[in-house]
*Asks:* 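Below: one structure in structure tokens.
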Amino acid sequence: MTRVSKVPIDKNRPSPEWIESLRRRFPIEPEIDRVLTRKLTLRAGGSYSPIGLDALSKSLQALLEAKVEGAFEILDPTWLSGGASKLQMRFKLSWNRPGIGRILTDMVVRMEPAESIVETSRLREFQLLSALDGVLPVPPTFWADPYGDYFPYPAIIYGFVEGVVKPTGAVSNVSGLGINFGSPVRALLAPQFVGHLAKLHLWDWGKKMEGSAFATPSLGTQPTEWQLNWWARVWEEDGNEDVPLLRLALAWLRENMPSTDRLSMIHGDYRAGNFLYTEHESRISAWLDWELAHLGDRHEDLAFASMRVLGHFAEDGKTFLVNGMMPAEAFFEAYEKASGLTVEIKKIKYFHVFYAFRAAVLLLGTGYRAVRGGKTHQDLVLAWIMALGYSIQEELREILEEVA
Amino acid sequence: MDIRPTIQLAAVIKAMQDIVLPAVDPGNKMAQEQARLAIATLQFVVQRLPLMFRYDRDELDRYLGLARALLTRSEGGRATGEAAANLATSVAAGADVLKRAKAEPAELEGAIFELRQTVGELIQSAYGDARPASLAAIRRLVLDSSKVQLDRERGWVLTMGFEPNPSVVTPVEQQLQNR
């Protein structure tokens, strides 16, 4: 038998034909398509070079000159740590705020590196944060530079919110997963964690998101199909060596797509570590990292929040707490009570498979490709957390053993 | 297995150059010098690591050549005779190793890469048109082999601290013993 010879694909220098073939193979939301296509188009253009606070402040100055009326001054720019995907600079702005007058406002610039562990849209993030103002605790938004007109890469500017992601002095590993808040704080945070999720899923997004960069899928299997296409495409774009288990998982996910009965705004990364809380009163002061948000099935967030890798055992050493909050059954029960919506365990299990697949794609696919091209401000962190991809795959394998 | 020294070293060098070196006290000459030497050493390792196996194999080959030539010329008393006999034993052992060291590490990696891809394509195709019994068998084989593969990979990165229960993972040194 003659072997069909194939032209090898150089993923580090993607050809326009290959990019187009991926766009055709994996129909996804137009804005997601735009950012993924941009990533591939720019990939051969070189690695990320460090950008100093001075350079970033100059970009900020240019944006503010275009957007702000009257005199202003940028004060005290400093780096904010946290997160493996975006660069964040905190600063104070002395300006004439419309409707308020002269004021000093604490703000944050959130900018992409050349490529990120998760390639997403600053436009969507900005639009959603703006729309959620008054619905959930989120940082106030100010300006967006979604196409990198002022900054070296796309960026948004939002308000700085006081709070911590984990107890002061607590040690967690570099991934920032599995935060242990301790029993007293947990008791106060857990109801808010559930309540906010219920509120988000019940939120009437229709009018507020009209004309936004969020596309609306039909009820039924389309919401899930778009998600599968998104992450299958990312795996094709970024993955190095093939992984049979991921192929099997994707095929199974396509064969078993659940039907969505109601469209909710999905955070997409709903977990401890992505909210700030005040230590003196244990109040969630802001939900962050909305870059993976989309319209979809509520079971997505419920499944993600209850992934094993995000939880830990309670002090008794026996009770497993999802997201360091409460046992899974109690979490689903509290959600049903808070939202009035039903929770179907079969769908939760389906999305456990999906999220384990997505995590493996991000860690082993995009993480690998970004480091290979020297594309981020912290390649070393990405090279380190890639290792998490194997224990997540083990979780994926165990779930597939149960459901496939 | 994608967590390899080549990619890890590239990330370490970038972190040293972009983040660590600019933060080293310019007044501390020894720290400055050693930070730069650390980067230069790592860059050297990145260059040479892919050649290491080939270099060693070439050296073994050349030493075997030298040893064989020496054996044809070693004549003399008892001491020379004993040394030549020892050398002949080493030549036999070395020749056996050389015979078994034909493929390059990059070829080994390439063969795995291709097999992973073609296995993946078979799985994808099977979900399209394989008979139900065949698909069930394929699914079983993939899940079973994934268990073994993930045991290896988790063992490889065990010391990086991501396993919720490290005691259930066998260190890779033990897994690869006698392979």
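A note on names: the letters A, B, ... follow the listed sequences, proteins ahead of strands, and every chain is numbered from 1.
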*Asks:* Select, from A:Val243, A:Leu245, A:Leu364, A:Leu246, the one with the greatest count of heavy-atom pairs under 4.5 Å involving chain B.
*Replies:*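 Top count of heavy-atom pairs under 4.5 Å with chain B: A:Leu245.
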*Asks:* With a 4.5 Å cut-off on heavy-atom pairs, point out which of A:Ile392, A:Val371, A:Asn240 contacts chain B the most.
*Replies:*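 Most pairs with chain B among the choices: A:Asn240.
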*Asks:* So what's closer than 4.5 Å to chain A heavy atoms on B:Leu150: side chain, backbone, both or neither?
*Replies:*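 For B:Leu150, the side chain is the part near chain A, not the backbone.
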*Asks:* With B:Ser146 as reference, evaluate B:Val142, B:Leu143, B:Val148, B:Asp144 under the side-chain contact (heavy atoms from CB on, under 4.5 Å) test and give the passing residue.
*Replies:*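 Among B:Val142, B:Leu143, B:Val148, B:Asp144, the one that satisfies the side-chain contact (heavy atoms from CB on, under 4.5 Å) with B:Ser146 is B:Val142.
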*Asks:* Where does B:Val12 contact chain A at under 4.5 Å (heavy atoms): side chain, backbone, both or neither?
*Replies:*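 The answer is both parts of B:Val12.
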*Asks:* Is the terminal nitrogen or CZ of A:Arg358 (NZ for Lys, CZ for Arg) located under 6.0 angstrom from the six-membered ring centre of A:Phe304 and within 45° of that ring's axis?
*Replies:*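 Judged by the rule (NZ or CZ under 6.0 Å from the ring centre, within 45° of its axis), A:Arg358 counts as positioned above A:Phe304.
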*Asks:* Out of A:Met386, A:His312, A:Glu398, which one racks up the most heavy-atom pairs below 4.5 Å with chain B?
*Replies:*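 Answer, by heavy-atom pair count under 4.5 Å with chain B: A:Met386.
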*Asks:* Once rounded to the nearest 0.5 Å, what's the spacing between atom CZ of A:Arg43 and atom CG of A:Asp10?
*Replies:*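 Spacing of CZ (A:Arg43) from CG (A:Asp10) equals 10.0 Å.
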*Asks:* Given heavy-atom pairs under 4.5 angstrom as the criterion, report whether the side chain, backbone, both or neither of A:Phe313 touches chain B.
*Replies:*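 Interface part for A:Phe313: neither.
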*Asks:* Which residue pairs pass the side chain to side chain donor-acceptor pair (under 3.5 Å) test when at least one of the two sits in residues 35-51 of chain B, sequence neighbours left out?
*Replies:*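 Passing the test, one end in residues 35-51 of chain B: B:Gln32-B:Arg36.
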*Asks:* Is B:Ala10 in contact with chain A via its backbone, its side chain, both, or neither, using a 4.5 Å heavy-atom distance?
*Replies:*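 For B:Ala10, neither part sits under 4.5 Å from chain A.
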*Asks:* Do you know which of A:Ala383, A:Ser47, A:Ala251 has the most heavy-atom pairs with chain B at a distance under 4.5 angstrom?
*Replies:*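 Sorted descending by pairs with chain B, the first entry is A:Ala251.
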*Asks:* Pick one of side chain, backbone, both or neither for A:Glu255, based on which atoms fall under 4.5 Å of a heavy atom in chain B.
*Replies:*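 Looking at A:Glu255, just its side chain touches chain B.
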*Asks:* Can you tell me which of B:Met1, B:Gln149, B:Gln8 forms the most heavy-atom pairs within a distance under 4.5 Å of chain A?
*Replies:*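 Among the listed options, the one with the most contacts to chain A is B:Met1.
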*Asks:* Identify which of B:Gln17, B:Lys147, B:Arg140, B:Glu163 forms the greatest number of heavy-atom pairs closer than 4.5 Å to chain A.
*Replies:*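 The residue among B:Gln17, B:Lys147, B:Arg140, B:Glu163 with the greatest pair count is B:Lys147.
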*Asks:* If you draw a 6.0 Å radius around CG in B:Asn165, do more than 12 non-hydrogen atoms from other residues or ligands fall strictly inside?
*Replies:*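 Buried by this count: over 12 neighbours within 6.0 Å.
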*Asks:* Please rank B:Ile7, B:Asp2, B:Val157, B:Ile3 by heavy-atom pairs under 4.5 Å with chain A and give me the top one.
*Replies:*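 Greatest number of close heavy-atom pairs with chain A: B:Asp2.
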*Asks:* Taking atom types as modelled and ignoring hydrogens, do the side chains of A:Ser57 and A:Asp54 form a donor-acceptor contact shorter than 3.5 angstrom?
*Replies:*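 There is no such pair between these side chains.
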*Asks:* Sorted by first residue and then second, give each salt bridge (Lys or Arg N to Asp or Glu O under 4.0 Å) pair with at least one member in residues 5-14 of chain B; sequence neighbours left out.
*Replies:*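 Found B:Lys14-B:Asp18.
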*Asks:* Select one option (side chain, backbone, both, neither) describing which atoms of B:Ile123 are under 4.5 Å from chain A's heavy atoms.
*Replies:*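 Only the side chain of B:Ile123 comes within 4.5 Å of chain A.
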*Asks:* For a quick check under 3.5 Å, do A:Arg25 and A:Asn229 share a side-chain donor-acceptor pair by atom type?
*Replies:*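 Result is no, nothing qualifies.
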*Asks:* Tell me, for B:Ile19 versus chain A, whether the close heavy atoms (under 4.5 Å) come from the side chain, the backbone, both or neither.
*Replies:*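 Side chain only.
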*Asks:* At a 4.5 Å cut-off on heavy atoms, which part of B:Glu153 comes close to chain A: side chain, backbone, both, or neither?
*Replies:*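 B:Glu153 touches chain A through backbone and side-chain heavy atoms alike.
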*Asks:* Hey, are the side chains of A:Phe26 and A:Glu236 touching, using non-hydrogen atoms and a 4.5 Å cut-off?
*Replies:*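 Contact flag for A:Phe26/A:Glu236 side chains = yes.
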*Asks:* Which class fits the ring pair A:Trp384 and B:Phe162: parallel under 30°, tilted 30 to 60°, perpendicular over 60°?
*Replies:*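 Aromatic pair A:Trp384/B:Phe162 classed tilted.
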